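A short worksheet on the structure shown next.
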There are 2 protein chains.
Amino acid sequence: MTTTPRQTERLQDTASVVHAIREAIVAGEFNPGQRLIESELSQRFSASRGTVRQALALLGNEGLAVSEANRGARVRPVSKAEAIEITEVRAVLEGLCARRAAANASAAERKELRELGATMQAAVKRGDIMTYSQVSQDVHLRIRELSGQHTAADLLNRLRFRSVRYQFSVALLPGRPVVGLKEHLGVIKAVAAGQSDLAEHLMREHLESVVEAISQLPESLPALHG
Amino acid sequence: MTTTPRQTERLQDTASVVHAIREAIVAGEFNPGQRLIESELSQRFSASRGTVRQALALLGNEGLAVSEANRGARVRPVSKAEAIEITEVRAVLEGLCARRAAANASAAERKELRELGATMQAAVKRGDIMTYSQVSQDVHLRIRELSGQHTAADLLNRLRFRSVRYQFSVALLPGRPVVGLKEHLGVIKAVAAGQSDLAEHLMREHLESVVEAISQLPESLPALHG
DNA sequence: TACAGCGGAATTGCTAACGATTCTATTGTC
DNA sequence: GACAATAGAATCGTTAGCAATTCCGCTGTA
């Protein structure tokens with residue numbers, strides 16, 4: 001009711017509809033637990049109900065929506081406990097990626113990582129949390145890419161959407177950027193130095209510290225819209 | 001052409017069709033790279049093309065099929081390199097599960113695990129590889145369940161289908177059951193003793209030894225059918 | 001013989017429509 | 001006034017059908 005039902009441009013294929021609905025969920029335009037009615041989405045995205053239906057099934061598979069038989073689909077609410085589980089999984093998977101990245105990265109790529117570190121450090125120094133948050137995401141992404149572990153990278157890309165809201169809240173916690181920055185710089189240093197064991201260890205520790213931060217969050221997050 | 005196109009009982013809902021196609025792929029009834037033609041599957045499973053279409057999309061999402069635009073779906077071939085990647089991911093995820101299982105399991109559950117270990121041991125002793133293979137799968141599954149880490153357990157359940165063929169080939173390698181048994185017993189002992197760190201470590205080592213075994217397999221596996 | 005051009009068959013992507021199920025608000029009964 | 005029964009609206013699950021794209025074998029030319 002509070003969301004703006006602006007008419008989006010015509011999206012023909014299923015993939016586009018999946019993308020559009022996912023973006024809307026991640027952006028908080030559809031709140032957790034909110035019903036996703038096929039006919040409404042069909043109108044909003046100017047696609048047929050069949051296409052929307054298929055898109056919802058895919059999003060269900062991805063963990064962003066749930067659907068009960070004959071009762072339609074809803075935005076899947078992610079509890080704090082589940083956000084912690086997701087972050088624990090990220091810890092071991094990103095640990096694996098950090099290990100591989102440390103082993104694989106070229107000289108140019110190591111340099112690039114160090115530069116991302118410097119950018120983050122500068123952002124925190126001047127209190128620019130949004131830039132810090134963005135660049136730290138980039139660091140994680142880049143390490144995944146450098147790992148060459150496509151299977152792990154793919155799983156991580158999917159998990160990301162489920163926990164974005166908690167990620168965001170953590171980044172806003174007072175004092176968190178300073179702690180996070182320190183951890184990130186440690187990871188970068190180890191990866192850039194080719195220290196596989198250390199890189200994995202520090203990446204795991206970093207995400208376990210995020211687990212700690214999440215567990216200090218309130219049980220339910222504030223709605224982004226409405 | 002060589003596969004038996006027997007008429008299966010009517011499958012109404014999408015989930016059943018997904019299950020049926022998945023089983024057929026895993027059983028090797030559809031070979032890697034083979035085209036999955038919507039109309040054929042529609043006939044075979046007595047479901048509408050729309051339902052089959054949705055099922056194929058879900059299987060694509062799961063990594064068992066690939067589909068190119070306007071060119072339909074095919075059984076996704078899994079290279080040896082990818083099987084290794086999958087097993088590396090399993091190593092860290094199952095390591096996490098073993099850690100949690102060691103921390104969580106009740107007395108009855110610890111006993112149950114030890115009994116599974118004894119069953120495995122007896123099977124290997126009498127050279128019953130099929131039973132050993134089955135029970136060892138059960139051990140992995142049970143540890144996942146005991147972990148309480150639903151997110152990791154879910155990802156592992158999905159990954160399983162992608163690498164079954166390689167898993168199977170590894171189990172048939174000469175001398176492999178003896179090695180695998182030893183590793184499994186070690187994991188069980190650590191989990192049953194509540195030694196989290198050790199349980200995770202041994203589970204990772206176990207699956208890294210599977211990685212080694214896979215890398216000694218020939219590049220392409222023999223077809224199971226036709 | 002090798003190969004580009006072409007036309008029909010096969011197959012996919014999408015949409016509209018129908019029947020089945022679930023939800024909701026009203027009515028009737030105790 | 002509380003609560004079960006019921007009718008109508010809303011929504012879902014499935015199927016059939018049409019347009020667009022790709023595949024495949026044929027023909028003609030160098």
Side-chain angles (χ1 to χ4, degrees), chain A residues 1 3 5 7-22 24-25 29-77, chain B residues 1 3 5 7-22 24-25 29-77:
Chain A
M1 317 308 150
T3 57
Q7 178 72 13
T8 317
E9 64 182 309
R10 183 176 187 77
L11 301 172
Q12 299 212 31
D13 45 344
T14 304
S16 303
V17 174
V18 170
H19 187 76
I21 298 179
R22 179 165 44 214
I25 292 176
E29 207 162 334
F30 300 140
N31 285 315
Q34 181 176 332
R35 290 194 59 187
L36 297 169
I37 292 166
E38 296 179 0
S39 53
E40 281 182 14
L41 298 172
S42 169
Q43 276 209 325
R44 166 156 177 184
F45 298 118
S46 301
S48 81
R49 241 193 70 219
T51 305
V52 169
R53 191 175 171 64
Q54 189 154 345
L56 287 175
L58 289 169
L59 289 167
N61 202 322
E62 226 175 273
L64 263 75
V66 279
S67 40
E68 288 174 286
N70 288 315
R71 297 186 57 183
R74 296 181 305 124
V75 177
R76 180 155 177 270
Chain B
M1 315 314 146
T3 58
Q7 179 69 15
T8 317
E9 65 182 307
R10 183 174 187 77
L11 301 172
Q12 298 211 37
D13 45 344
T14 305
S16 304
V17 175
V18 170
H19 188 75
I21 299 179
R22 180 166 40 216
I25 293 176
E29 208 162 331
F30 300 141
N31 284 314
Q34 181 175 333
R35 289 195 59 186
L36 298 169
I37 293 166
E38 295 178 0
S39 52
E40 281 182 14
L41 298 173
S42 169
Q43 276 209 326
R44 165 155 178 185
F45 299 117
S46 301
S48 79
R49 242 192 69 219
T51 306
V52 169
R53 192 175 170 64
Q54 190 157 340
L56 288 176
L58 289 169
L59 289 168
N61 203 323
E62 225 175 274
L64 262 74
V66 279
S67 38
E68 288 173 283
N70 290 314
R71 297 187 56 185
R74 295 181 305 123
V75 177
R76 181 155 177 270

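Given the structure is predicted, the values throughout are model-derived calculations rather than measurements.
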If I take atom [atom1] in residue [X] and atom [atom2] in nucleotide [N], what distance separates them, rounded to the nearest angstrom?
X: B:Arg35; N: D:dT22; atom1: CZ; atom2: C1'; answer: 9 Å
X: A:Ile37; N: C:dT24; atom1: CD1; atom2: P; answer: 10 Å
X: B:Gln43; N: D:dA16; atom1: CD; atom2: C1'; answer: 15 Å
X: B:Leu36; N: C:dG13; atom1: CG; atom2: P; answer: 13 Å
X: B:Glu38; N: D:dA16; atom1: CD; atom2: C1'; answer: 14 Å

For a quick test of your reading: what N or O donor-acceptor pairs under 3.5 Å do the side chains of residues 66-73 of chain A make, sequence neighbours left out?
none

* Kindly compute the distance separating CD (A:Gln54) from CG (B:Leu56), expressed to the nearest 0.5 Å. => 9.0 Å
* **Partner set under side-chain hydrogen bond (donor to acceptor under 3.5 Å, both in side chains) for A:Glu38, not counting sequence neighbours** => A:Arg49, A:Arg53
* Looking at B:Thr51, does any N or O in its side chain come under 4.0 Å of the phosphate oxygens OP1/OP2 on D:dT15? -> yes
* Which comes earlier along DNA chain C counting from the 5' end, the contact point of B:Arg53 or that of A:Arg49, where each point is its nearest nucleotide? -> B:Arg53
Sequence-distant partners of [X], salt bridge (charged side-chain N to carboxylate O under 4.0 Å, His left out), two or more places apart:
X: B:Glu62; value: B:Arg22
X: B:Arg76; value: B:Glu82
X: A:Arg35; value: none

* For DNA chain C, find the residues of residues 54-72 of chain A with a heavy-atom distance under 4.0 Å and give them by number; none if there aren't any. => A:Asn70, A:Arg71
